[in-house]
Every structure is written in C-alpha cells, then in structure tokens.
2 protein chains.
Amino acid sequence: MSLRNAILALLTVEPMTGYDLLKHFEASVGHVWHAPDSQIYPALRAMEKDGLLEGTDVTWGQRGTKRRYAITEAGRTAFREWMDTPLDYPRDRDPVHLKAAYLEWATPDAARLQLRAHIAHYTERLEQWREKIREIETGGSDMLNRRLATVPSSQHERTIAFKRYTYEGMIARADAEIAWAERGLKLLDELE
Amino acid sequence: MSLRNAILALLTVEPMTGYDLLKHFEASVGHVWHAPDSQIYPALRAMEKDGLLEGTDVTWGQRGTKRRYAITEAGRTAFREWMDTPLDYPRDRDPVHLKAAYLEWATPDAARLQLRAHIAHYTERLEQWREKIREIETGGSDMLNRRLATVPSSQHERTIAFKRYTYEGMIARADAEIAWAERGLKLLDELE
DNA sequence: GTGCACTATCTATGTGCATAGATAGTTGCC
DNA sequence: GGCAACTATCTATGCACATAGATAGTGCAC
C-alpha cells in the first residue's frame, strides 16, 4: 500500500501525470521510495477506479494527449487514514547481515570488497541525503516550496521540520552502517 | 536468491528436513532472515532438482516419512560463490521514512503512537539480538556449537567473531532507529 | 483410547516488484 | 527535414513473498 500512499502524498500538492510522478520517484521521493513506470501507470488507473484520484485527458502538442490525475476528497481521506494508522513491521530479511553471519565462507579479499561496497553504497546515499537537507534548509526544494504554498504559513515550520527529520533518520542509519562496515574491515585485519 | 543461500548456510552444518529448517527460520536465523513453510518446501524441491541438495526419505514412526536434505558439493560451491559475490543493493523503499516525511498529515497523537511503536519494535529486537550475543559468547548456541564441531579449531575464532559481528550490526541499527524515534517524539513536543 | 500439541508437508491465490520490451508523439537543434 | 533526446504510456513474464487453508501422521498425557 505504500506506493499508493506515496502517490497520494505527491498529489496533495498538485495534479500530475504518470510521467511527472515517475520523475519525482526518480528524484526527490525516490530517496525514500522508488517506483518504476510499469508500477506507476497501472496504480494510477486502479486508484482512479477506486475513486482516490480523478484523471482528465489533457492535450499535448498537436495530436498527443496525456492524463493528469488529481487527488479526490476520498483520496485525501485515505491518505490521512494511512498516516494515522501504525505500520506493521515486516519480518527481518536482510541479505547483508545474512552474509555477514557466514563471512568465514568468503575469502578475506571478497569479504573486504563487500564491506567496502557497503561503505561506498551508504556514503553515496549519505551525500544525497545531506544535499536534500541543504535544499530544505535553503528553500531550494521546488516540490517543498510548492507544497508550502498549499498550506497556511502556520504549518510551514511543521512541514519543513518533518522533511528534515526524515532525512536525518536516513543519515543516522547510513552513519551506523558505515561505522559497522568499518569495524568489519578492522575485524578482518585482526583475524589475519 | 537469499532464501536459497540461507538454506545452504544451515545445511553446511548437517542434513535437515524442511521442518527442521522452518524451526531455525523461526528461531536463530529468523533474526536475520525469515521464511514461512510455504516458501521453504518448494525451495527445497527446486534446489534438489538443481543439484544443490540431495534429499532422502527417512521413516518416522510406523507409517510416517520425512525428507531429509543434505547439501551437495555443488551446493557448497554455489554457497561459496554467493559469499564471494557482492550483493546488489535494492532501491530505497522504506515505509517508515516515507510516512515520517509527511508526518504533518497525521494527528500528533497518531504520530506519537507510531514513533513509540517504532521504539517498541526495535527495543524488542534489541533484546533478542543481545540475547543472541550472550548465547554466542557463553557457548550456549546449539547451532553454533554444532557448526564449530564441523570446522577445524583454528577456524573457531573466525566463525564466532562473524556471528557476533552480525548481531552487533543489528544492534547498532536498532540503537540508531530508537534514537531517531526519540528525537521525533521530542520534535513533536517542540512543535506543539 | 482419546484428544491435543506437535511434526511434516503441500497447494492456492494474490500482491508487489524487477526486468524488459513495445509504441507513439514532441521538441529542439543542426 | 531529419535525427536525437525527451515525454508519455502500456504490456508481458517471472520471482519472492504473504496469507490461508488442507492433509496426515506422531507422541504424550489424562
């Protein structure tokens, strides 16, 4: 259900086409939730059928058309409901730690490579997330600015605070992962 | 592919039935990787067909039979290969942080409930993982003891170290999640 | 000797997602 | 005027997994 709610969240700002949404899932929201077009377009059709969205065909150039989706009142309600409902946590299923538990089966070199890849992965994310926070703080986030334009200014602080808070969480996680992988590299050295 | 490799990892210690494996996925390994019986049994059949396992029927009581699977040389090779191959990291898809980004849509009470649930979830895991480490350190882990019996004593330190290292990583992650949720609770107070 | 918890396995249906490939119109540039 | 890059959307196949329900034998306790 998260995909649907990620879509609803974006459409609370303004109506969008599937393609618009795709671009957002590749950029801003994509740092938290990713979705390919093959998932987005069918989801939009289903959500329209369920009354969460209302689609209208918009002409585009001479012969082209595209379908722009707006969130309905039912959609807003559904989103608020989801926001108020606790998530249930999936069972643990973590390939990285699964492998770590049997690292004696890997060659030390392969083990090192993988820990370094872990560090590289989270370092990259870290930079993206830090950049997001910078954008949020300097008012350089288009999507956030448009969102702020739709809510009373008394809500601006809240809205911004939760965005920053989200990315801070991602950063904290990345920091923990990097520190863990670095301890792993040290451990490999010690065991040799 | 992780399920298959989790199964291979367990079967490097000794042959087991699907039911045995299920119990392990509910207990020890389950802290890192979970799988229901409806996934395990078909996987075992497929892995036998692929030559990774060899199954033999074992009588059980008067009329009962069960199928015990042993890892083959091909299975060991496949497992080692997986262990030496870097994982590829899935795209970000994190419901918790997705929701956090739009927390202004939740009522403050609902938001608090969810952050507390987050804390409760990871606190519970934390205790399980700490218990696992205690088991590892005191030699109280059956599965680990049986595993150690299959490897030369020169490898014991390594084997134990990686297990502990794995759970330390899970603990570090849980600590980070709890700290983040606590900052969230504070943030909610401040915004009110 | 009956009932109950446990061992043991299998099947069916549906969702979410990855991957890949197809189609077609638009815009801008050289 | 043609080509490339981009906009816009759709479809197909397959895997991993959740959920649920079915079947049947075992072992023990009362």
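Worth knowing before you read on, the calculation uses all heavy atoms, side chains too, and leaves out hydrogens, waters and symmetry mates. Chain letters run A, B, ... following the sequence lines, proteins first, then strands; residues in each count from 1.
Tested against A/D92, the residues B/R125, B/H34, B/H31 include a single side-chain hydrogen bond (donor to acceptor under 3.5 Å, both in side chains) partner, B/R125.
With distances taken from any side-chain atom of A/D37 to the nucleotides D/dA8, D/dA18, C/dG21, the minimum falls on C/dG21. Residue A/Y19 places its side chain closer to D/dC6 than to any other of D/dC6, C/dC6, D/dA18. Closest to the side chain of B/R67, out of C/dT9, D/dC17, D/dT19, is C/dT9. Here D/dT11 is the nucleotide among C/dA8, D/dT11, D/dT9 with the atom lying nearest to any side-chain atom of A/P42.
Within the 4.0 Å cut-off from OP1 or OP2 of C/dT15, not a single side-chain nitrogen or oxygen of A/R4 is found. Between C/dT19 and B/R91, no contact under 4.0 Å exists linking OP1 or OP2 to a side-chain N or O. Phosphate proximity of D/dC10 to A/Y41: absent, as no side-chain N or O sits under 4.0 Å from OP1 or OP2. Here A/Q39 does not reach the OP1 or OP2 of C/dG16: none of its side-chain N or O atoms lies under 4.0 Å away. Checking the phosphate oxygens (OP1, OP2) of C/dC10, a side-chain nitrogen or oxygen of B/R45 falls inside 4.0 Å. A sub-4.0 Å separation between OP1 or OP2 of D/dA24 and a side-chain N or O of B/R63 is absent.
Within 3.5 Å, no donor on the side chain of B/T17 pairs with an acceptor on the base of C/dT9, nor the reverse.
Here C/dT27 presents its C1' atom at 9 Å from CH2 of A/W60, a figure rounded to the nearest Å. Rounded to whole Å, the distance from NZ on B/K66 to P on D/dT23 is 23 Å. Between the CZ atom of A/R93 and the P atom of C/dC17 there is a distance of 14 Å, rounded to whole Å. Taking atom CD1 of residue A/I40 and atom P of nucleotide D/dC10, one finds them 12 Å apart after rounding to whole Å. Atom CG in B/L3 sits about 14 Å away from atom P in D/dC15, given to the nearest Å. Look at CG on B/L22: it is 12 Å from C1' on C/dC6, rounded to the nearest Å. Straight-line distance from the CG atom of A/D20 to the P atom of D/dA8: 6 Å, rounded to whole Å. Straight-line distance from the CZ atom of B/R68 to the P atom of C/dA8: 9 Å, rounded to whole Å.
When each of B/G64 and A/G18 is assigned the nucleotide of DNA chain D bearing its nearest heavy atom, the one mapping closer to the 5' terminus is A/G18.
Checking B/Y89 against A/H118 by side-chain atom types alone, a donor-acceptor pair falls below 3.5 Å.
Annotation: salt bridge (Lys or Arg N to Asp or Glu O under 4.0 Å) contacts of B/R4 (sequence neighbours excluded): B/D50.
Residue-environment remark: CZ (A/R91) stays at or below the threshold of 12 foreign heavy atoms within 6.0 Å. In A/E137, the CD atom is crowded: over 12 heavy atoms of neighbouring residues, nucleotides or ligands sit closer than 6.0 Å.
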